[in-house]
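Chain letters run A, B, ... following the sequence lines, proteins first, then strands; residues in each count from 1. Treat the numbers as computed from the prediction; the structure is a model and nothing was measured.
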Amino acid sequence: MKSVLDRNNFSEWYNEILKRAEILDVRYPVKGVYVWYPYGLKLRNLIYGILRALMDEEHEEVLFPLLIRRDELLKEKEHIKGFEEEVFWVTHGGTTELDVPLALRPTSETAMYPIFKVWIRSHRDLPIRVYQIVNTFRYETKHTRPLIRLREITSFKEAHTAHASRVEAEEQITKAIAIYRNFFDRLAIPYVITKRPEWDKFPGAEYTIAFDTLMPDGRTMQIATLHMLGENFAHTFDIRYEAEDGSSKFVNQTCYGISERCVAAVIAVHGDDHGLVLPPPVAPIQAVIVPIIFTSGADKRAEEVKEACNALYHELKGAGIRVFLDDSPDRPGAKYYYWEMKGVPLRIELGPRDLANDSCTFVRRDNFVKWRVPLTTAVPELIKTLDDIQYSLHARAREKLKIRVSDAAELKNAIDGIVALPLCDRERCGKELEETIGASVLGEVLYGAPRTFGKECVICAREAKDVLVARTY
RNA sequence: GGGGCAGUAGGGUAGCCAGGUCAUCCUCGUGGCUUUGGGAGCCAUGGACCCCAGUUCGAAUCUGGGCUGCCCCA
C-alpha cells in the first residue's frame with residue numbers, strides 16, 4: 001500500500017515530501033544545491049509575493065551584482081571574520097588568473113555599501129530603504145539540507161537601510177519586525193523573537209534580533225534575522241552625509257533578511273502523514289475539483305457531471321480562486337491521495353449523487369472533514385472555508401509551539417522544544433549552559449514567551465534576563 | 001571539527017568478500033483489453049551497475065582518486 005510518510009521521523013519525512021510533492025529535486029550533482037520543480041517554484045513565488053507586497057510599502061527593490069572584489073569584501077574586519085571560511089572565490093577568467101579575485105556574495109553588505117557611499121551626500125538622500133531578492137553562496141561544511149542549509153541560497157530577501165540618526169535606525173528595526181511578523185502570520189507560522197547573545201550576533205553588527213520557529217522534531221529553526229549595524233559599516237566604507245547644519249556625519253544602518261527557510265517552515269510546520277498541508281494564501285492550487293464519472297460508455301449522467309464540473313470550475317476561477325479541475329482518467333481515489341500529497345487545502349468532489357441534489361462535496365485537507373454544499377453557494381462557502389482552514393492551521397501550529405518554563409533544577413532533563421529560563425548575559429555562563437544541556441541559547445526574549453521563574457542566572461546566580469534555549473537547526 | 005556507512009533502471013532491493021554466464025520487486029514508463037464514489041486487474045514490453053583511472057584476456061565486483069548522499073559524536 002502507500003508507503004510510509006511518518007512525521008515522527010522528521011528527517012526522512014522531509015526529504016520524502018520534497019520529492020513526492022515535487023518541491024525540490026535533490027539529484028543535481030553538486031553538493032548543497034538543488035533544482036526547483038514547477039510546483040515548488042509556484043509555492044515559493046506565492047510566498048515571496050506576500051513578502052514583496054509588504055516590503056514594497058516602504059522599500060524600493062534594487063539589484064546588486066553577484067561578484068564582489070576581494071579587497072571590498074575584506075574591508076570590514078569583524079564582518080569577514082564571520083564569513084571568510086565560507087566564501088566561494090572566482091579566481092580565473094578562462095585560463096587567465098584574475099588580478100583581483102572575485103567573491104560570490106555570501107551576503108551583500110560589502111557589495112552595496114561602497115555604492116551607498118556614492119549615493120548618499122546630503123541628509124536629503126536619507127533615509128535609504130532598499131531590498132533585493134538574490135542568490136547568495138556559502139561554502140557550508142556541515143551537512144547541507146534542502147532549503148535549510150544550502151551552498152546556494154537561491155532567494156535571499158535582504159533589506160538594507162541607511163538613516164540620519166541612530167533613533168531612526170532603531171525605529172526601522174521596529175518597523176521591520178512588524179513586517180516580518182505580518183509575513184509569518186500570513187503563512188500561519190508561529191515564532192518567537194529573541195535578541196541573539198553577543199557571541200552569536202551577525203558579524204559586524206551591534207546586535208541581532210532573530211525569529212525562530214519550531215520544527216516537528218523539537219528543534220528550532222531560525223527563519224529571519226534583523227541587524228542593527230549602527231555606524232560600524234559607515235566608518236569602514238566611509239558613508240557620510242552633510243547634515244542640515246553643514247556638519248559631516250556617519251549614517252546609521254540596519255539590514256535584515258529572510259532566506260528560503262521560510263518555504264521549509266511552511267512545509268515542515270503544517271505537513272502531516274498524508275503530505276503537504278498548505279496555507280490557502282500560498283497554495284498554488286487552493287481547490288481541486290474531482291469529477292466522479294464512469295469513463296466507459298457514454299453515460300448521460302457522466303456528461304452532466306462533466307458539464308457541472310466545468311461550470312463550477314469557471315465560476316470559482318471567475319471568483320479569483322486558484323482552482324484546478326482534475327479530469328484525468330485516473331480513479332477518484334488515486335486523485336485524492338495525489339492532491340493530498342500536494343497539500344491542496346480543499347477538495348471538491350462532484351458526482352451523479354451530488355448532482356441529483358444540485359450540490360457538491362467539500363473535503364478539508366487539514367482535518368478531512370467532509371460535507372455537502374449546494375452548488376449555488378459554492379463560492380461563498382469556499383471562501384469562508386479557506387479562511388477557516390487558515391485560522392485552524394495557525395491555531396494548531398501555535399498550540400505545538402508551547403514554551404516550557406524551566407529552572408536550574410530541571411535542566412538535567414533532555415531539552416525538547418523551547419525552554420525559557422533566567423540567564424545572565426555573560427558568554428561564560430551561556431557557553432556553560434549550552435554545554436550542560438546540549439542545546440543553544442537563542443537569546444533574550446522579545447516576543448512569544450512567558451516570564452521565567454526567577455531573576456537569578458541558572459549558572460552563576462547573578463542578575464539575569466529571560467532567555468530561550470532550544471536544540472537548533 | 002571528528003568518526004562511520006553507502007551509491008545498481010523512475011523508486012526499492014539482491015549480487016560484491018571469492019572477477020566471467022545472472023537479476024528481482026513496485027504505486028515506474030509504453031501499448032492493449034477489462035474496470036471505475038478512497039491508490040483497479042491481467043497480458044505484453046522498455047529501462048541500470050555514480051564518475052575517472054589502474055589491475056586483468058575479462059570489472060557492478062579488486063585498487064586508487066573524485067563526486068554525491070545518509071547516520072552518529074563534539
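- Pairing of B:U45, defined by two Watson-Crick or G-U wobble distances under 3.5 Å, is identified with B:G29.
- Residues that satisfy the side-chain hydrogen bond (donor to acceptor under 3.5 Å, both in side chains) test with A:Arg331, not counting sequence neighbours, are absent from this structure.
- Side-chain atoms of A:Asp330 and base atoms of B:G39 include no donor and acceptor less than 3.5 Å apart.
- The salt bridge (charged side-chain N to carboxylate O under 4.0 Å, His left out) pairs that include a residue from residues 429-447 of chain A are A:Glu444-A:Lys465, where partners are two or more places apart or lie in different chains.
- Residue A:Thr141 is the one, among A:Pro146 and A:Thr141, whose nearest nucleotide of RNA chain B lies closer to the 5' end (criterion: closest heavy atom).
- Counting only residues at least two apart or in different chains, salt bridge (charged side-chain N to carboxylate O under 4.0 Å, His left out) contacts with residues 80-89 of chain A comprise A:Glu78-A:Lys81.
- The side-chain hydrogen bond (donor to acceptor under 3.5 Å, both in side chains) check on A:Thr361 picks up A:Asp354, with sequence neighbours excluded.
- Residue pairs meeting the salt bridge (charged side-chain N to carboxylate O under 4.0 Å, His left out) criterion with at least one partner in residues 90-109 of chain A, sequence neighbours excluded, are absent.
- In the interface, the side chain of A:Glu340 is paired with the base of B:G38 through a donor and an acceptor atom under 3.5 Å apart.
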Quick one: which protein N/O atoms are closer than 3.5 Å to N/O atoms of nucleotides 64-68 of chain B? Pair and distance per line, please.
unit_1	atom_1	unit_2	atom_2	d
B:U68	OP1	A:Lys31	N	2.7

When the side chains of residues 187-211 of chain A are checked against the rest of the protein, which donor-acceptor pairs come out under 3.5 Å, sequence neighbours left out?
unit_1	atom_1	unit_2	atom_2	d
A:Tyr191	OH	A:Arg181	NE	3.0
A:Tyr191	OH	A:Asp185	OD1	3.3
A:Thr194	OG1	A:Arg196	NH1	3.1
A:Thr194	OG1	A:Leu442	O	3.3
A:Arg196	NH1	A:Asp212	OD2	3.1
A:Arg196	NH1	A:Leu442	O	2.8
A:Arg196	NH2	A:Asp212	OD1	3.1
A:Arg196	NH2	A:Asp212	OD2	3.0
A:Arg196	NH2	A:Gln222	OE1	3.0
A:Glu198	OE1	A:Lys201	NZ	3.2
A:Lys201	NZ	A:Ala205	O	3.2
A:Glu206	OE1	A:Arg166	NH1	2.7
A:Glu206	OE1	A:Arg166	NH2	2.8
A:Glu206	OE2	A:Arg166	NH1	3.3
A:Tyr207	OH	A:Glu170	OE1	2.6
A:Thr208	OG1	A:Phe202	N	2.8
A:Thr208	OG1	A:His227	ND1	2.9

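- Residues satisfying the side-chain hydrogen bond (donor to acceptor under 3.5 Å, both in side chains) test with A:Ser440, not counting sequence neighbours, are none.
- Annotation: salt bridge (charged side-chain N to carboxylate O under 4.0 Å, His left out) contacts of A:Arg347 (sequence neighbours excluded): A:Glu340, A:Glu349.
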Report each atom pair, protein N/O against N/O of nucleotides 28-34 of chain B, whose distance is under 3.5 angstrom.
none

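- Whole-Å rounding puts the A:Lys306 NZ to B:U36 P distance at 16 Å.
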Any chance you could list the contact pattern along nucleotides 5-12 of chain B? Use B for base contacts, S for sugar-phosphate-only contacts and - for none, protein heavy atoms under 4.0 Å, 5' to 3'. -----SS-
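- Screening residues 385-395 of chain A for salt bridge (charged side-chain N to carboxylate O under 4.0 Å, His left out), with sequence neighbours left out, gives A:Lys384-A:Asp388.
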